[in-house]
Participant: 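To start, I am sharing the structure in question, which I have written as C-alpha cells.
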Amino acid sequence: MLWRFRSPVTAIVAAAALAGALFIGTGAAQADTSPPSSSTPTTVAADALPTAQINGVVWSQLIVGDTVYVGGEFTRARPAGASAGTSEVSRNNLMAYNLSTGVMTSFNPSLNGVVRAITASPDGSRIYVGGGFSSVGGVTRTRLAAFSTSTGALLTDWTPTANGTVRALGAYGSTVYAGGSFTSTSGQSRQKAASFSASTGTVGAWKGTIPDGAVNALTISPNGDRVVIGGSFTSYNGATTPGYGMAATNSSTGGAVTWNIGKLIKNAGPNGAILSLTSDADGVYGTGYDFGSGAMFEGTFRASWSSGNTVWIEDCHGDTYSAVPVGDVVYTTAHAHFCGNIGGFPETNPRSYHRTLTFSKAATCTITRNVTGGSYFNFAGRPCPTLLAFYPDINTGTYTGQGQGPWNVAANSQYVLYGGEFTIVNNKRQQGLTRFAVSSIAPDKEGPKATGTGFQPTLSTPSANAVKVTWKSNYDRDNEQLTYQVLRNGVVVRTQTGLSTDWKRPTISWTDTGRSGGTTYTYQVRATDPFGNAVTGSSASIRATGAVAKEAPTENVTPNAPAEAPETPLTPDIAPAPEAPPVPEVNPDPGLKPLPDDAPAPIPEVPAD
C-alpha cells in the first residue's frame, strides 16, 4: 500500500497458452530455468541482455515480430553499455529496437508529448499510438496516431482526435478501442472510452457513461465480443457492482455484461485504480494499487472469460503496475515488499522490495489470513498462484519522483521485457529498458551470488574425530536448487543439493567423521547451479579433537582470508556495481499526487465485497 502511480501503463498482449488445472492446497514448489520438479513451470533466465537505453521513463512496450516499440517520456536514446549523456541520439517519446539484438532501429517519429499506449493491427502491418502529444514530426496529431510497421511512416489515412490523454489501446478485427481521460473524440461526445475504424479513424458506436476518473487499461476477448476496461472511474453506465474501477462491455455497443471479479475487487477514486489489463485465451490478468479509503487491492488477479469469475488472486503487498501471461507463467512488475500470505517472502525492516514477481498461471494454493499491515483487505481462503523463482535485481529511478523501477512488462514465447525508469539491472548500468530470454537464447551465466565471507562455513567439533561443517545456503536469481560441495583441504568430500531463494536461505550442516585428533583441517563450500556456474566461499580451519568434546567455541575456528568480496543479497535497493556510483533512493513513501488530468471527486468508501 505504497506510492500512487504517476501514470498507468497498458499493453495489450494476446498469447495462446494451455490452461492449468485448478486445485486448492499449499503449493510450495518453486520454478526457474531448470525447475527441481518437472511439474513446475520454467521461467526465462535472469541474465540481463544488452538492450538500448533511454533517458526518461518507459510507459508502454509492444512486440511486433522482431521489433519492440517503446513509448513513454524521453528525449534521447543510446546503445547498451553507453553511459548517460554519451553516444546518444534524439528519440522523442517513441522509439523501437530489435527484439533479438537489443539494437535501436532507425524509427524516429518524434512526438511532442508523452506516449502512454501502443497496440498493433491484427495483421501487424500498423501500430496505433495514444498519449498526450499534439504533433508527430511536426504534423498535427491530437493524442492518437498510426504508423506503418514496414516503413515507419506516419499514416495519413488515420487521423482521429481526443481532447484528453489516451491511456489504453486495443485492436480487434476492423476496430481500434481507446480509453483515457478524454470526454470527446473527433468532436463526438465520448466519456473516457471510444472506438474507431481501424482503417479510416471514423468514430465507432462503442461507448459508455463514465462520469469521473479515467480508463487506464483495456483488453479484448479472444472472439472479440467483449472489451474489459479498468481504471479509477467509480461507476460504469450508472452501476458500481461491478463498475467501480472495472467493467466488462459489449464490444459493439459498450453495454455492460457480467464481470464477477468486479464485485470483489474494488479499486477506484482518488486512492486506487486498476492499472493494467492483459489477456490470453484463458482469461484476463489485472493489476492494481490502493492507498486509502475507496480502494482495497494491490497485486495481480486472474479472471476467467466466463462471467469474469475469479481464478486466483495474489495479494502481495505493494502496488502492481503491469502483468503479462506467457505459456504457463505470468510475469508482473511491482514494488512488492511482502508475499507471506501466499507462502512468499516476509516483510523486512528496513523494507526490501522485489520488483519482478513471477507466478504460475495455474491456481496452486490458498491465501492465508493477512497478518502484516492491518489496513490490508483479507483475501484469506481464496485461490492463489505459486510465486516462482525469477528474481533479477532492478533498482529505482528518479525521473517520475515516485520511487519506482519498472512500470511495464511485455513478453512473447522467447523474451520478457521490462520498461520503466530504473538505472541499474543486476548491478550493471542499464536505463529504462531491459530484456530477458529463455535458456536456449540466454547465456545462463547468472550463478550463485553469495561469495567470500558471505559464504563461509562455521566449524565445530561435536565429538571426537569429527568436524561439523555448517553453512548458510547460497542463492541464485533464477535457480532454486543448488548443488553444494564441501571441500576439505581442497578436496571434495561431500556433495548434496538444497533449495533456496534470496529471501529464504536455510542453514545446512554436515558432519565429517573419521578425522585425526590434533590435526587441523581447512574447509570451504562450493555452490553450483544447474548450468555449471559456481562460487567457492572463504575457507575456515579447525583442529579436530581426539577425545569426546563439547561443541567447539567460536575461537577454535580460524577463518582464512576471503578469495573474493561478498555480494549482498537483496536489500532495500540494489547496490550498484563497483564501477558505478550509488544511485540515490527516492523517498519510499512519497505523498500521493493526483493525475493532472484525472482529478475525480473523493468517493466514500465502498464495501470490499
Participant: So, the side chain of Thr149 versus the backbone of Gly124: is there a donor-acceptor pair under 3.5 Å, distance only?
Facilitator: yes
Participant: Judged by modelled atom types alone, do Asn370 and Asn341 share a side-chain donor-acceptor pair under 3.5 Å?
Facilitator: yes
Participant: Show, in sequence, the C-alpha distance, side-chain angles and deciding distance for Glu314 and Trp312, and conclude whether the side-chain contact (heavy atoms from CB on, under 4.5 Å) test is met.
Facilitator: CA-CA 7 Å; Glu314 62 86 0; Trp312 54 249; 4.2 Å; yes
Participant: Look at the aromatic rings of Phe390 and Phe436 and report parallel, tilted or perpendicular, splitting at 30° and 60°.
Facilitator: perpendicular
Participant: If we ignore angles and hydrogens, is there a donor and acceptor under 3.5 Å between the side chains of Asn309 and Ser307?
Facilitator: no
Participant: Looking at Glu421 and Thr400, would you say the former's side chain and the latter's main chain have a donor-acceptor pair under 3.5 Å?
Facilitator: yes
Participant: Any chance the rings of Tyr128 and Phe147 have centres within less than 6.0 Å?
Facilitator: no
Participant: Check whether the side chains of Thr287 and Thr320 place a donor and an acceptor atom closer than 3.5 Å, and report yes or no.
Facilitator: no
Participant: Please find out if less than 6.0 Å separates the ring center of Phe377 from that of Phe379.
Facilitator: yes
Participant: Would a distance-only check, ignoring hydrogens and angles, find a side-chain to backbone donor-acceptor pair under 3.5 Å from Gln188 to Thr185?
Facilitator: no
Participant: Is a salt bridge present between Asp212 and Lys192, judged by a nitrogen-to-oxygen distance below 4.0 Å?
Facilitator: no
Participant: Under 3.5 Å, is there a donor-acceptor pair between the side chain of Arg355 and the main chain of His335?
Facilitator: no
Participant: Quick check against the 3.5 Å criterion: does Thr165 have a side-chain atom that pairs as donor or acceptor with the backbone of Arg167?
Facilitator: no
Participant: Can you check whether Gly272's main-chain N or O pairs, donor with acceptor, with Asn267's side chain at less than 3.5 Å?
Facilitator: no
Participant: Please determine, by modelled atom types, if Thr249 and Trp206 share a side-chain donor-acceptor pair under 3.5 angstrom.
Facilitator: yes
Participant: So, the side chain of Thr142 versus the backbone of Thr161: is there a donor-acceptor pair under 3.5 Å, distance only?
Facilitator: no
Participant: Just how far is it from atom CH2 of Trp407 to atom CD of Gln61, taken to the nearest 0.5 Å?
Facilitator: 14.0 Å
Participant: Quick check for you: to the nearest 0.5 Å, what is the distance between Thr240 atom OG1 and Lys266 atom NZ?
Facilitator: 5.5 Å
Participant: Are Asn55 and Thr75 linked by a side-chain donor-acceptor pair shorter than 3.5 Å?
Facilitator: yes
Participant: When you compare the side chains of Thr183 and Gln191, does any donor N or O come within less than 3.5 Å of an acceptor on the partner?
Facilitator: no
Participant: Hey, mind stepping through Asn108 and Met95 against side-chain contact (heavy atoms from CB on, under 4.5 Å) and telling me if it holds?
Facilitator: CA-CA 6 Å; Asn108 185 21; Met95 62 164 286; over 6 Å; no
Participant: Give a yes or no on whether the backbone of Thr200 and the side-chain of Ser197 come within a donor-acceptor separation of less than 3.5 Å.
Facilitator: yes
Participant: Could you state the interatomic distance from OG (Ser189) to NZ (Lys207), rounded to the nearest 0.5 Å?
Facilitator: 6.5 Å
Participant: Quiz question: by atom type and distance under 3.5 Å, do the side chains of Asn395 and Thr423 form a donor-acceptor pair?
Facilitator: yes
Participant: Could you go through Arg116 and Glu73, starting from their C-alpha distance and side-chain angles, then the distance that decides it, and tell me whether this counts as salt bridge (Lys or Arg N to Asp or Glu O under 4.0 Å)?
Facilitator: CA-CA 9 Å; Arg116 302 289 191 201; Glu73 295 174 73; 3.7 Å; yes
Participant: Using a strict threshold of under 4.0 Å (side-chain N to carboxylate O), is an ion pair present between Asp280 and Arg302?
Facilitator: no
Participant: Going by distance alone, is a donor N or O of one side chain under 3.5 Å from an acceptor N or O of the other, for Asn408 and Thr333?
Facilitator: no
Participant: With a 4.5 Å limit on heavy-atom distance, are the side chains of Phe291 and Glu298 in contact?
Facilitator: no
Participant: Taking Gln404 for the side chain and Gln402 for the main chain, is one N or O donor matched with an acceptor at less than 3.5 Å?
Facilitator: yes
Participant: Roughly how far, to the nearest 0.5 Å, is CG of Asn112 from OG1 of Thr140?
Facilitator: 9.0 Å
Participant: Output, in order, the C-alpha distance, side-chain angles, deciding distance and verdict of ring pair (Phe, Tyr, Trp, His ring centres under 6.0 Å) for Phe107 and Tyr69.
Facilitator: CA-CA 9 Å; Phe107 180 63; Tyr69 294 92; 5.5 Å; yes
Participant: When rounded to the nearest 0.5 angstrom, what distance separates OG in Ser110 from CG in Asn93?
Facilitator: 8.0 Å
Participant: Between Asn216 and Ile274 (side chain of the first, backbone of the second, donor and acceptor by atom type, cut-off under 3.5 Å), is there such a pair?
Facilitator: yes
Participant: Nearest 0.5 Å, what's the OH-OG1 distance between Tyr97 and Thr105?
Facilitator: 11.0 Å
Participant: Would you tell me whether Asp225 and Asn250 have side-chain atoms, one donor and one acceptor, within less than 3.5 Å of each other?
Facilitator: no
